[in-house]
> 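To start, I am sharing the structure in question, which I have written as structure tokens.
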Number of protein chains: 2
Amino acid sequence: MRARIEDVAAAAGVSIKTVSRVFNREPNVREETRLKVEEAARQLKYRPNSSARSLAGRRSYLISLLYDNPSPNYVMEVIEGVLAACEQAHYGLTLRPIDFSRRGHVESVETLIAQYRPDGLVLTPPLTDDGPLLRRLREMDVRYATISAKRDNAGIGATLDERAAVADMTAHVASLGHRRIGHITGHRSHGARVWRLAGYLDGLRRSGIEADPELVVEGEFSFESGIAGARRLLDMDDPPTAIFGANDDTACGVLYEAAARGLKVPEHLSVFGFDDTPMSRQVWPSLSTVRQPSREMGRIAAQQLLNAIAGHDPARMVRVPYQLQIRHSTGPVPQG
Amino acid sequence: MRARIEDVAAAAGVSIKTVSRVFNREPNVREETRLKVEEAARQLKYRPNSSARSLAGRRSYLISLLYDNPSPNYVMEVIEGVLAACEQAHYGLTLRPIDFSRRGHVESVETLIAQYRPDGLVLTPPLTDDGPLLRRLREMDVRYATISAKRDNAGIGATLDERAAVADMTAHVASLGHRRIGHITGHRSHGARVWRLAGYLDGLRRSGIEADPELVVEGEFSFESGIAGARRLLDMDDPPTAIFGANDDTACGVLYEAAARGLKVPEHLSVFGFDDTPMSRQVWPSLSTVRQPSREMGRIAAQQLLNAIAGHDPARMVRVPYQLQIRHSTGPVPQG
DNA sequence: CTGTTAGCGCATTCAT
DNA sequence: ATGAATGCGCTAACAG
């Protein structure tokens with residue numbers, strides 16, 4: 001019923017190995033032969049059976065995406081990008097949600113590997129910085145690419161200069177006259193926490209503002225932590241006139257708390273975030289933030305991984321550009 | 001290096017067929033033999049190679065999720081649920097984003113099937129109602145389960161009584177004194193559009209309100225269509241005092257437009273949506289909406305599909321309960 | 001540049 | 001209740 005490689009070979013009048021060569025883009029096939037094979041395959045609607053390919057080729061033609069991220073938007077964008085890269089390379093994707101905070105997450109990855117034999121993994125934060133996991137992967141000799149890893153000068157994958165981005169954004173807000181700019185940090189396990197905090201401090205310094213440690217409060221990249229952080233900051237005797245939430249969720253928490261208090265944004269308080277999630281455009285006022293091209297980063301990381309697997313082009317760590325999105329939540333410092 | 005079935009057989013002193021029987025829970029194995037095999041497998045850390053299993057067994061141990069949905073939150077929740085069901089059944093999941101609006105989407109599914117041979121598919125709206133696709137699936141004899149299909153009395157999967165839910169919610173808002181309640185509909189291709197519109201009309205009728213066709217405007221389940229719809233409704237000579245956005249994105253668009261006009265919610269305008277997305281809690285004021293347990297629906301649909309594949313328990317269409325979430329965007333009708 | 005010959009690791013007859 | 005033989009559809013050496 002379903003066409004097999006030998007049917008295509010027969011139809012094209014060649015051997016099955018030649019068909020295999022065509023489909024795997026191997027060299028040593030005459031253009032004319034290739035066309036014959038492709039035509040036959042099209043007519044028969046031939047699709048290689050991936051199980052047979054995997055079994056014979058000792059490769060799964062599969063990569064896995066590991067994630068432990070509370071932000072569905074982020075994960076979906078990364079998935080889209082990874083899928084785009086996979087499709088091009090005729091690779092499949094398996095997903096693995098990991099509960100990073102639980103014991104046994106390394107073992108969960110081991111099971112995944114034993115069962116599906118992915119040819120490589122794509123890691124998202126904070127798994128990118130999980131020492132035990134990375135160590136085990138190297139022991140097992142499993143390739144991986146990272147997205148936004150803390151150590152962004154090693155390995156392969158995609159990163160963005162979050163530190164510079166936040167510094168630029170902070171300096172921009174300072175240029176609007178703000179001198180007391182608060183920051184609600186990200187979760188301790190993320191490299192992003194470190195980069196964004198450092199960028200915030202860079203931005204202040206560049207603007208000739210001395211950092212006030214009181215204005216930096218703990219957060220964890222969540223909406224709730226944005227509310228809690230905003231409360232602490234706004235309850236101060238000398239509250240900040242601008243607040244940087246370590247990501248958009250956090251910043252939206254700040255917007256929420258400001259609205260709950262009847263504080264107008266940006267007239268009374270400026271707010272900015274990071275990520276450029278869809279929500280940042282859909283709140284009122286819309287949120288000033290840093291655009292992080294997550295889909296593109298997923299695509300690039302998967303692409304680098306697939307390059308490494310195929311052994312073509314030397315794979316590397318690609319730095320993607322950021323972009324400030326100045327919208328309506330930032331404005332001049334209030335007078336008085 | 002990696003243990004194979006024959007290694008286990010040798011270690012246990014049995015034939016490979018016996019090992020196969022144990023791993024596939026087939027009958028005709030003495031308890032004593034079973035234990036021996038299991039012990040040997042554990043020692044050798046044996047994991048069946050899924051490619052070989054698929055190839056020999058003509059089953060992929062894989063199901064595919066097809067989606068074409070602009071809402072990342074929704075898709076992620078469904079994915080989580082489906083993954084949960086898969087894990088339990090030792091099944092893998094492949095994803096297939098479909099561009100429903102483009103020609104050739106049926107062929108894209110055919111390619112997926114030819115290549116990965118999934119043992120079944122899970123469909124999300126609006127693919128659940130795509131005639132040509134469904135017809136082709138039946139022709140190819142591919143099983144599928146649906147989530148929120150338009151025809152929810154046939155096939156297997158999960159549904160929710162959206163019509164009753166919206167009727168309840170609409171009646172609740174009417175009970176707050178509102179008499180002019182507007183509705184921004186969903187996209188034409190979705191069954192949800194029909195159910196929710198019908199529920200809205202039911203709710204009005206139940207509250208003794210005559211429906212005004214002018215108060216129903218076209219939308220498409222997007223934030224932008226919420227803004228556009230709100231503009232049309234609020235620009236009317238006798239504007240509604242409450243607006244039902246066909247989903248939360250749409251309702252958030254209404255909130256946005258209201259804020260842009262300086263209209264206070266719920267003092268001047270009540271707004272409600274559908275889905276209970278995270279955003280509905282994170283906007284100000286928080287959105288009254290209907291909770292749809294998407295994760296659970298994904299789990300159930302996958303579960304039913306896996307049941308059908310295994311041939312156990314007769315699979316069916318499961319109706320899951322809804323829940324009204326009354327938050328801060330709905331309130332008494334303004335006086336005067 | 002192309003074809004031939006062996007398996008990949010397992011499930012599946014059919015014996016016993 | 002268990003085992004031996006056959007092949008799933010393809011890739012991987014090696015020949016030509």
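Chain identifiers are assigned alphabetically (A, B, ...) following the order of the sequence lines, protein sequences preceding nucleic acid strands; residue numbering begins at 1 within each chain. Being a predicted model, the structure only gives us computed values, none of them experimental.
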> Minimum heavy-atom separation for B/I113 and B/M140, please, with both atom names.
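It is CG2-CE, 4.0 Å.
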> State, to 0.1 Å, how close B/R53 and B/P48 come at their nearest heavy-atom pair, and which atoms those are.
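Looks like CD-CB, 3.6 Å.
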> Taking a pair as Watson-Crick (N1 to N3 plus N6-O4 or O6-N4) or G-U wobble (N1-O2 and O6-N3), both under 3.5 Å, which stems of 3 or more consecutive pairs involve DNA chain C?
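DNA chain C forms these stems: C:1-16 with D:1-16.
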> Would the number of heavy atoms belonging to other residues, nucleotides or ligands and lying under 6.0 Å from CD of A/E32 be above 12?
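12 or below, so no.
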> Kindly list each side-chain donor-acceptor pair under 3.5 angstrom involving residues 80-90 of chain B, sequence neighbours excluded, with atom names and distances?
{"unit_1": "B/E80", "atom_1": "OE1", "unit_2": "B/R295", "atom_2": "NE", "d": "3.1"}

> Would you call B/K17 and B/E26 a salt bridge, using N to O less than 4.0 angstrom?
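Salt bridge: yes.
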> Run the salt-bridge test on A/R42 and A/E39 with the 4.0 Å N-O cut-off and return the result as yes or no.
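A/E39 and A/R42: salt-bridged.
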> Strictly under 4.0 angstrom, non-hydrogen atoms only: write out the protein contact profile of nucleotides 8-16 of chain D, one letter per nucleotide from the 5' end, B, S or -.
BBBBBB---
> Go through DNA chain C in 5' to 3' direction and return only the first and the last nucleotide with some atom under 4.0 Å of chain B's heavy atoms.
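So the contact region on DNA chain C extends C/dG9 to C/dT12.
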> If you round to the nearest 0.5 Å, how far is OG1 of A/T124 from CG of A/D68?
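Answer for the CG-OG1 pair, A/D68 versus A/T124, is 7.5 Å.
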> Above 12 or not: heavy atoms from other molecules or residues under 6.0 Å from CZ of A/R319?
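Enclosed: over 12 neighbouring heavy atoms sit under 6.0 Å from CZ of A/R319.
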> Measuring from atom CG of A/L112 to atom CZ of B/R47, what distance do you get when rounded to the nearest 0.5 angstrom?
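That separation rounds to 11.5 Å.
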> I'd like to know if the side chain of B/D129 reaches the main chain of B/K150, judged simply by a donor and an acceptor atom lying under 3.5 Å from each other, with no hydrogens or angles considered.
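Confirmed, B/D129 side chain pairs with B/K150 backbone.
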> Apply side-chain hydrogen bond (donor to acceptor under 3.5 Å, both in side chains) to B/Q292 and list each qualifying residue two or more places apart in sequence or on a separate chain.
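By the side-chain hydrogen bond (donor to acceptor under 3.5 Å, both in side chains) rule, B/Q292 matches B/D275.
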> Would you call the rings of B/Y91 and B/Y61 parallel, tilted or perpendicular if under 30° counts as parallel and over 60° as perpendicular?
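Geometry flag for B/Y61 against B/Y91: tilted rings.
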> For DNA chain C, what residues of residues 29-44 of chain A have any heavy atom nearer than 4.0 Å?
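Within this stretch, A/V29, A/R30, A/T33 sit under 4.0 Å of the strand.
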